[in-house]
Amino acid sequence: MEIVPIVNRGRILNVRIRLKSCKKIKEKVKIDDIHANDIIVNNVAFSTSHYQMENAQAIAIMKFIRNHSMMRKNSFLVSTKEEDHSNLYDLYEIDYPFDKITNGLDELFGSMILDLKNGIPDRDKGRYIDFEKMGITNHITDEKLERLSFIANHVSEHYQDAIIENDLEDLIDTLKFLDLFDCEVIEKSSIKIEDFQKVLNFLGTIHSKDFRGLVNYYHTALANQRVYSRLSCLYNIVYNDSLKWIKSSKDKVKVKTGLSYKDAS
C-alpha cells in the first residue's frame, strides 16, 4: 500500500494512492506458467528478462513493460509474493499506461507495480511516497507554465497547434496521466501540525530513531504539498478550476495551494 503524506490546511493527511485499472483476477492461487512476485507482459516474464538484473527498480519495470508492448499494448499481469506459510499468491491485471511522458511519471507508475509485486496476500503494509524525490513535476517549469498561461489567455483558435509549437504537450499529457490514479484520504489518519510538533519536541531531546523517522515523514509531507501545488497550478491554467485529485471517502478534498506558477516553485 502506497501512502502519500501531505500538508493541508494546518494538518497532515495520509492519502492512499492506487491504480484505477488494477483488478485482482485471482486470489490465493498457484499457476503453472506464472511465478509469484512477477510481471507478465504479452507472455514474457519480468523474472526471466535482463531487466530483472537492474534490482527490479521502478524505472526498470517500466522499461520492461514498454519494450514488450511495442506491438500490442495489452493489459499485463502482476503476481504478488507468496503468502505466509504457503506457496499461494494473488494475481492482478493492469491496463497499459500512456506512452512515456517523463522519467518522474514513469517512476510513480512503476513504484505502484513494484509495491504490488512485492506485496504479500493479507499483509497490507504502508510505504510512504515522496513525489518530489520521484521528480514527477520536474518538467513543469515556471517558464513552461508562463508560456502555457499566455496561450490559455491569448490564443482562442488553434490553441492545440500553439501547444505543440511551444513543446508543451507533456504538460497536457501529465494531467491526463494523473487520471490513471485514485487518491483517497485514509480516514482517522490525519493530525494537526501543532500536535505533531509537540510530539517532535518531546522526542527531539533524545534524538531517537522514532524522532528521525517523524522528521523525515514531515519533510515528505511538505515536499508532497509543494508538488501538489505545482500540479494544481498547471490544472488551473488549463481548466480554470481547482485540482481535485485527492478525495475523501465521501467527497473531493480541496488541498490548499498557491495557484501562481511563480509561487508554486
Side-chain angles (χ1 to χ4, degrees), residues 2-21 95 97-102 104-109 112 129-132 134-187 190 193 220-265:
E2 304 240 288
I3 307 297
V4 180
I6 186 168
V7 171
N8 181 45
R9 298 177 181 272
R11 303 184 73 88
I12 302 176
L13 308 179
N14 287 298
V15 178
R16 180 169 186 176
I17 182 169
R18 316 183 216 198
L19 290 171
K20 287 182 180 179
S21 71
D95 290 346
F98 295 129
D99 289 341
K100 183 177 178 178
I101 304 170
T102 67
L105 294 174
D106 262 15
E107 181 83 23
L108 175 58
F109 196 97
M112 306 296 293
I129 285 184
D130 187 327
F131 286 153
E132 200 165 72
M134 287 181 173
I136 71 170
T137 56
N138 285 355
H139 62 299
I140 307 176
T141 64
D142 289 348
E143 188 269 336
K144 291 173 77 171
L145 288 176
E146 188 173 6
R147 278 189 280 146
L148 185 64
S149 181
F150 181 86
I151 292 171
N153 292 321
H154 296 91
V155 179
S156 57
E157 296 182 4
H158 309 297
Y159 67 90
Q160 290 182 332
D161 293 337
I163 287 172
I164 294 172
E165 289 169 3
N166 283 272
D167 296 323
L168 299 174
E169 304 102 304
D170 57 342
L171 300 190
I172 306 303
D173 290 342
T174 295
L175 296 178
K176 296 176 183 177
F177 188 84
L178 296 184
D179 200 45
L180 298 177
F181 304 88
D182 261 330
C183 296
E184 185 173 314
V185 175
I186 300 172
E187 291 185 7
S190 68
I193 291 179
T220 299
L222 288 171
N224 286 332
Q225 195 277 339
R226 289 192 294 270
V227 168
Y228 199 93
S229 180
R230 176 72 46 164
L231 292 170
S232 184
C233 179
L234 170 60
Y235 190 91
N236 180 260
I237 291 172
V238 175
Y239 296 109
N240 194 29
D241 198 2
S242 299
L243 177 64
K244 301 179 182 69
W245 194 31
I246 295 174
K247 63 179 183 298
S248 69
S249 57
K250 296 180 180 179
D251 203 354
K252 299 288 185 182
V253 174
K254 186 176 181 180
V255 176
K256 187 177 181 181
T257 62
L259 291 179
S260 167
Y261 56 83
K262 294 180 180 178
D263 296 335
S265 58

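If you're wondering where the values come from, they're calculated on a predicted model, not measured in any experiment.
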Worksheet item: Can you tell me how far CD of E184 sits from CD1 of I246, rounded to the nearest 0.5 angstrom?
Response: 11.0 Å
Worksheet item: Given side chains that start at C-beta, do those of I101 and K176 come closer than 4.5 Å, heavy atoms only?
Response: no
Practice prompt. Hey, could you give me the CD1/CZ distance between I136 and F109, rounded to the nearest 0.5 Å?
Written response: 14.0 Å
Item to complete: Check whether any side-chain heavy atom of P5 lies under 4.5 Å from a side-chain heavy atom of N224, and answer yes or no.
Response: yes
Worksheet, complete the sentence: Sequence neighbours excluded, the answer for side-chain contact (heavy atoms from CB on, under 4.5 Å) partners of D99 is K73, Y96
Item to complete: Mind listing the closest non-hydrogen atom pair of I17 and F131 along with its distance?
Response: CD1-CZ, 4.2 Å
Worksheet item: Looking at residues at least two apart in the chain, or sitting in another chain, which of them share a side-chain hydrogen bond (donor to acceptor under 3.5 Å, both in side chains) with R18?
Response: none
Fill in: Taking every non-hydrogen atom, the tightest pair across L178 and W245
O-NE1, 2.9 Å
Discussion item. Do C233 and L145 have side chains that approach each other closer than 4.5 Å (heavy atoms only, starting at C-beta)?
Written reply: yes
Worksheet item: Between T102 and T174, is any pair of side-chain heavy atoms under 4.5 Å apart?
Response: no
Fill in: Spacing of E146 atom CD and I237 atom CD1 [to the nearest 0.5 Å]
9.5 Å
Distance-only check: which donor-acceptor pairs under 3.5 Å involve side-chain atoms of residues 160-170, not counting sequence neighbours?
| unit_1 | atom_1 | unit_2 | atom_2 | d |
| --- | --- | --- | --- | --- |
| N166 | ND2 | A162 | O | 2.7 |
| D170 | OD1 | K144 | NZ | 3.2 |
| D170 | OD2 | K144 | NZ | 2.6 |

Worksheet, complete the sentence: For F150, the ring-ring contact (aromatic ring centres under 6.0 Å, His included) test, sequence neighbours excluded, returns H154
Practice prompt. Indicate yes or no: does D179 engage K20 in a salt bridge with an N to O separation below 4.0 Å.
Written response: yes
Item to complete: For D142 and R230, run side-chain contact (heavy atoms from CB on, under 4.5 Å): C-alpha distance rounded to whole Å, both residues' side-chain angles, the deciding distance at 0.1 Å, then the answer.
Response: CA-CA 9 Å; D142 289 348; R230 176 72 46 164; 3.0 Å; yes
Worksheet item: Are side-chain heavy atoms of R9 and I193 found at a separation under 4.5 Å?
Response: no
Worksheet item: With V238, which of I172, L171, I151, L243 fulfils side-chain contact (heavy atoms from CB on, under 4.5 Å)?
Response: I172
Worksheet item: Roughly how far, to the nearest 0.5 Å, is CD1 of I3 from OG1 of T220?
Response: 12.5 Å
Worksheet, complete the sentence: Hits for side-chain contact (heavy atoms from CB on, under 4.5 Å) against E132, two or more places apart or cross-chain, chain-then-number order -> D130, A223, R226, V227
Response to the item:
Residues L175 and Y239: closest non-hydrogen pair is CD1-CE1, 3.7 Å
Worksheet item: Roughly how far apart are Q225 CD and L13 CG, rounded to 0.5 Å?
Response: 10.5 Å
Worksheet item: What ring-ring contact (aromatic ring centres under 6.0 Å, His included) pairs are there with at least one residue in residues 155-179, not counting sequence neighbours?
Response: F177-F181
Worksheet item: Taking atom OG of S190 and atom CG of N14, what is their separation to the nearest 0.5 Å?
Response: 8.0 Å
